[in-house]
Each structure stands twice: as structure tokens, then as C-alpha cells.
Chemist: 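Here you go, one structure.
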Amino acid sequence: MTINVGVLTAGGDNPGLNAALRGLGKSASYVYDLQLIGFYDGFRGLLHDRHIMLDESALSGILTLGGTILGTSRDKPSKMLVGGKIQDMRGAMVETYKKHHLDVLVCIGGGGTQKNAFSLMDKGLNILTLPKTIDNDIANTDVTLGFDTALGIATEAIDRLHSTAHSHHRIIMVEIMGHNAGWLALGSGISGGADVILIPEIPYNPESIAQAILERSRSGKHFSIIAVSEGAMSMEDRKREKQLLADKDAAKEKKDKEKAKAALEEFYSGQAGRTMKLSRDLERLTGLESRVTILGYVQRGGTPSARDRLLGSELGTTAAALITEGVHGMMVAIKGQEVKPVPLKSVVNKRRLVPPDHIWVETARRVGTCLGD
Ligand code: F6P
């Protein structure tokens, strides 16, 4: 009997999503008896039943395309802006699921999507998820779809910044995405040979960074490249953050709670300016000129790397095989050489950060890279 499968992509886009859709859809029609229906723009398309039948022809020629042919959004099923109000729209999504007689819904996305998909399980839907994000921060999988492409783009940017930093004898700071995890900055920093790498997991001291730069100058290297993760913070700021979080937890009265929450929000809104501030501090502390490059969305755009095409294909085809076996309530994870399901419950509300003793941290230190501490 044909199995009806819905699929959506949610959260930030990244290269490799189409490879996963193609892997799922092609194996659904070539090998398994699955009928695939795609919903547009993440959970919003599921709500409004905006869909496309993903037959073999709809999936042709998309392997090398970046982004997602389904579109995406950051909508949360239980807190969705509809008619000017934030509402729990899960009930309406269940209706769409039933209307199409779906047996399972595949949700492809990052940490937020895993959580949102899990919240639909509470409403009785059969869910299977695939892990994708350039941040590489999803729990219980070794790697996420899209990370490898972004790693390549950030590394190439660091390569290119070397010649201009060298010619002008400047410090160049390159801000790299990754949300609150340092995988992308650390990986590309090592691959591109950055002199300083700053990640959220290791709070930095501007003085230590300045010392490392001055040391390079003394040895005749009058330029430095700093790969800084968008979530990196100084030791001082990390202390302040801890205090604000403690204040929020300790607040009893409603008005104190709101005050503490507002203070925390204001603190986080300052994150965007932290790289610029550090750049100014380093100019003052070293006497060198400093410039900042924010890589931004370039890291999420364009053609997927060969590794992400392969990974997307592995994840998509394995999802089709698991659906045929009746598996749901799981995320399809990468574990060593294996692609296998792990309970979705073990993934939600967790973030995979760079452990302090990770081989990449050791490697960076062993080649003399300053990590800011
Ligand atoms: O999660 C992927 C990511 O690109 C993060 O690295 C970044 O912090 C965030 O998304 C940007 O979000 P948005 O696309 O909503 O601006």
C-alpha cells in the first residue's frame, strides 16, 4: 500500500537541502512505494495547505541548487503570528496532515525546527526529522547538513583576506556565523590559518589577543587575521551575561521579572556591535590599523559542496527507507560512518557546543593560534 509522506524545510536555508529533498523523493519513487507532498515555506505552508506533489520530474536538476525549492520560514507552530496575533496553530496543521492522509511528516531543519517538529508529535503526528544548519550545533549527530559548504566559503574568505591584510599591515577581523556555537569559526579559522580564533565557548580577553598580535609583529609578521564567531564574547561580557541570567532566575515579582528580561534582551542586542568594539580596542592596544568583514548570508548561499550533496542524499534516502520500515519520532543522524535514527526527544532543547578538549581546539593551540584566553 502506498505510504503518504509530507515534507517541509524550516528555519534558515542552506546548501544541501535540495539534495536531501531529491534523495527522499527519488528513492520514494524508484525504490519504495511512497507518495511525497512538499509544503511551502516551512510550517506556514502546512498551516495554509500550500503544497506541491514532489514526483520524480519535480525533483530533477535540483541536486546542485542552493537554498530550498520549497522555501522556508522561521514560523513556530505553537507560537505563530496569524491575523496580527501570536497563536498556537498546531490544530490547523493536524487538519492539513489528515486531509492529505499523511502517514508521516518529514521536517528538515535546525535546532528550532527539531523542537517545533517535536511539538507536533504531542498533537499525534508521526514525525521524522533531518538535521540541517550551517551552525553544526544539533545534539546527537556528528554533523549537520550545510556545515561543510559554509566551512568552505568561510575558509575561502579567510584565504582572500590574507593578501589584503598582508599588503596593508593590518589586523582584519572576519565575523563568521554559527549562532552560539563556534564550529564554523573554529573549523574555518584552522583551515584558513587564522592567527586568532574567537568562539563563544572560550570567552576572550582583549589584552591576550593584543599580546599575540604584538608578538607576531615582533617576529616580523605585521598583519593578523582574526576569525571571530558571531556569538563570541569577552570574559567581562560573559560574566555580565551570567549575572543577568541569575537576576532573571531570582526575580519573583512580575515587574522584576520583566525588568530582568528587558536587561537581558538589551545585553543580547549589543552582540552585533561586539566585533566592532573589539576591533577598536585592538587598534588602541596594538597601534595597528584594524578592519572588520562580516561574512553574513554569503555563508548560506550558493552551490552545495560535494560533501553536502552526498550527506543530503544519504539523509534523504535513509529517511525514505526508515519510513518504509514504519520508523517515526526520530531524527536521522550521522554517527561515525553510519546514518541512523536517534530519538527526537534526545535532540530537542539541547545545543551541541564545541567541547573545551575537542581535537579542533587542541589543533588550533598546537599550531600557535591564539584563542583569546
Ligand atoms: O542558524 C543558521 C544561521 O545562519 C545562524 O548562523 C545565524 O545566527 C542565523 O541563522 C541568522 O538567522 P536569520 O536567517 O533569521 O537572519
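None of these values were measured; they are calculated from a predicted model.
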Chemist: Identify whether the distance between the nearest side-chain nitrogen and carboxylate oxygen of E258 and K254 falls below 4.0 Å.
Modeler: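 Counted as a salt bridge, because a side-chain N and a carboxylate O are separated by less than 4.0 Å.
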
Chemist: Would you say the side-chain atoms of Q114 and T129 include a donor-acceptor pair closer than 3.5 Å?
Modeler: yes

Chemist: Verify salt bridge (Lys or Arg N to Asp or Glu O under 4.0 Å) between E253 and K257, making sure each step is shown before the conclusion.
Modeler: CA-CA 6 Å; E253 305 285 321; K257 273 189 188 153; over 6 Å; no

Chemist: Do N180 and E201 have side-chain heavy atoms sitting under 4.5 Å apart?
Modeler: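 No - every pair of side-chain heavy atoms lies 4.5 Å or more apart.
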
Chemist: Can R365 be said to sit on top of W360's aromatic six-ring, NZ or CZ under 6.0 Å from centre and within 45° of the ring axis?
Modeler: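 No; the conditions do not both hold, so R365 does not lie above the ring face of W360.
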
Chemist: In the single-linkage hydrophobic clustering (I, L, V, M, F, W, Y; side-chain heavy atoms under 4.5 Å), do Y97 and L128 co-cluster?
Modeler: no

Chemist: State, to 0.1 Å, how close N136 and V143 come at their nearest heavy-atom pair, and which atoms those are.
Modeler: OD1-CA, 3.2 Å

Chemist: Can you confirm whether more than 12 heavy atoms, excluding those of E236, are under 6.0 Å from its CD atom?
Modeler: no

Chemist: For K340, I'd like to know if atom NZ has over 12 heavy atoms of other residues, nucleotides or ligands within 6.0 Å.
Modeler: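 12 or below, so no.
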
Chemist: Quick one: are Q271 and E230 in side-chain contact, heavy atoms under 4.5 Å?
Modeler: no

Chemist: Check the pair I108, L21 against side-chain contact (heavy atoms from CB on, under 4.5 Å), reporting the backbone distance first and the verdict last.
Modeler: CA-CA 9 Å; I108 313 179; L21 290 171; 3.9 Å; yes

Chemist: Given the rule in the salt bridge (Lys or Arg N to Asp or Glu O under 4.0 Å) test, do R216 and D195 qualify, once you have shown the distances and angles that lead to the verdict?
Modeler: CA-CA 9 Å; R216 276 176 58 77; D195 308 296; 2.9 Å; yes

Chemist: Honestly curious: do L145 and L65 fall in one hydrophobic cluster under the side-chain, below-4.5 Å linking rule?
Modeler: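 Per the 4.5 Å side-chain linkage, L145 and L65 are co-clustered.
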
Chemist: If you group Ile, Leu, Val, Met, Phe, Trp and Tyr by side-chain heavy-atom gaps below 4.5 Å, do V367 and I199 land in one group?
Modeler: no

Chemist: Given S73 and D41, is the side chain to side chain donor-acceptor pair (under 3.5 Å) satisfied, shown in steps?
Modeler: CA-CA 5 Å; S73 73; D41 301 334; over 6 Å; no

Chemist: Can you check side-chain contact (heavy atoms from CB on, under 4.5 Å) on H168 and R291, steps first, answer last?
Modeler: CA-CA 11 Å; H168 284 269; R291 293 285 190 272; over 6 Å; no

Chemist: If Ile, Leu, Val, Met, Phe, Trp and Tyr residues are connected whenever their side-chain heavy atoms lie under 4.5 Å apart, and connections chain through other members, are L17 and L63 in the same group?
Modeler: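 The answer is no; the residues belong to distinct hydrophobic clusters.
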
Chemist: Salt bridge or not between R238 and E241? Use side-chain N to carboxylate O under 4.0 Å.
Modeler: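 So R238 pairs with E241 through a salt bridge.
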
Chemist: Would you check if there is a donor-acceptor pair between the side chains of T68 and D13 at a distance under 3.5 Å?
Modeler: no

Chemist: Taking atom NZ of K277 as the centre, report whether more than 12 heavy atoms of other residues, nucleotides or ligands fall under 6.0 Å from it.
Modeler: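 No, because the 6.0 Å sphere around NZ of K277 holds 12 heavy atoms or fewer from other groups.
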
Chemist: State yes or no: are the ring centers of H166 and H222 separated by less than 6.0 Å?
Modeler: no

Chemist: Can you tell me if N4 uses its side chain to pair, donor with acceptor, with the backbone of H101 under 3.5 Å?
Modeler: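 Indeed, once roles are kept as given, a pair shorter than 3.5 Å links the two residues.
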
Chemist: Is it true that D75 and R44 make a salt bridge, defined as a side-chain N closer than 4.0 Å to a carboxylate O?
Modeler: yes

Chemist: Can you confirm whether R307 sits close enough to L311 that some side-chain heavy atom of one is under 4.5 Å from a side-chain heavy atom of the other?
Modeler: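 Side-chain contact under 4.5 Å: yes.
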
Chemist: Does any donor atom in the side chain of K350 or N140 lie under 3.5 Å from an acceptor atom in the other side chain?
Modeler: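 Side-chain D/A pair, K350 to N140: absent.
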
Chemist: Which is it for D103 and H328 under the side chain to side chain donor-acceptor pair (under 3.5 Å) test, yes or no, and what are the steps along the way?
Modeler: CA-CA 10 Å; D103 297 293; H328 54 82; over 6 Å; no

Chemist: Carefully, step by step, assess R240 and D237 under the rule salt bridge (Lys or Arg N to Asp or Glu O under 4.0 Å).
Modeler: CA-CA 5 Å; R240 169 108 183 102; D237 281 338; over 6 Å; no

Chemist: Please determine if R50 forms a cation-pi arrangement with F39, meaning its NZ or CZ atom is less than 6.0 Å from the six-membered ring centre and no more than 45° off the ring axis.
Modeler: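 No, R50 and F39 do not form such a contact.
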
Chemist: Side chains of E283 and S290: donor-acceptor distance under 3.5 Å anywhere?
Modeler: no

Chemist: Counting distance only, does the side-chain N/O of T149 pair as donor-acceptor with the main-chain N or O of S305 below 3.5 Å?
Modeler: yes

Chemist: Using the rule that two of Ile, Leu, Val, Met, Phe, Trp, Tyr join whenever any of their side-chain heavy atoms come within less than 4.5 Å, decide whether L161 and L288 are in one cluster.
Modeler: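 Different clusters: L161 never reaches L288 through Ile, Leu, Val, Met, Phe, Trp or Tyr contacts under 4.5 Å.
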
Chemist: Among T324, L34, L105, find the residue that satisfies the side chain to side chain contact (heavy atoms under 4.5 Å, CB included) test when tested with V5.
Modeler: L34

Chemist: On the ring face of F267, is R274 found with NZ or CZ under 6.0 Å from the centre and within 45° of the axis?
Modeler: yes

Chemist: Give a yes or no on whether K26 atom NZ has more than 12 heavy-atom contacts from other residues, nucleotides or ligands under 6.0 Å away.
Modeler: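 Correct, the count exceeds 12.
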
Chemist: Any salt bridge linking E215 with R218? Criterion: basic side-chain nitrogen under 4.0 Å from a carboxylate oxygen.
Modeler: yes

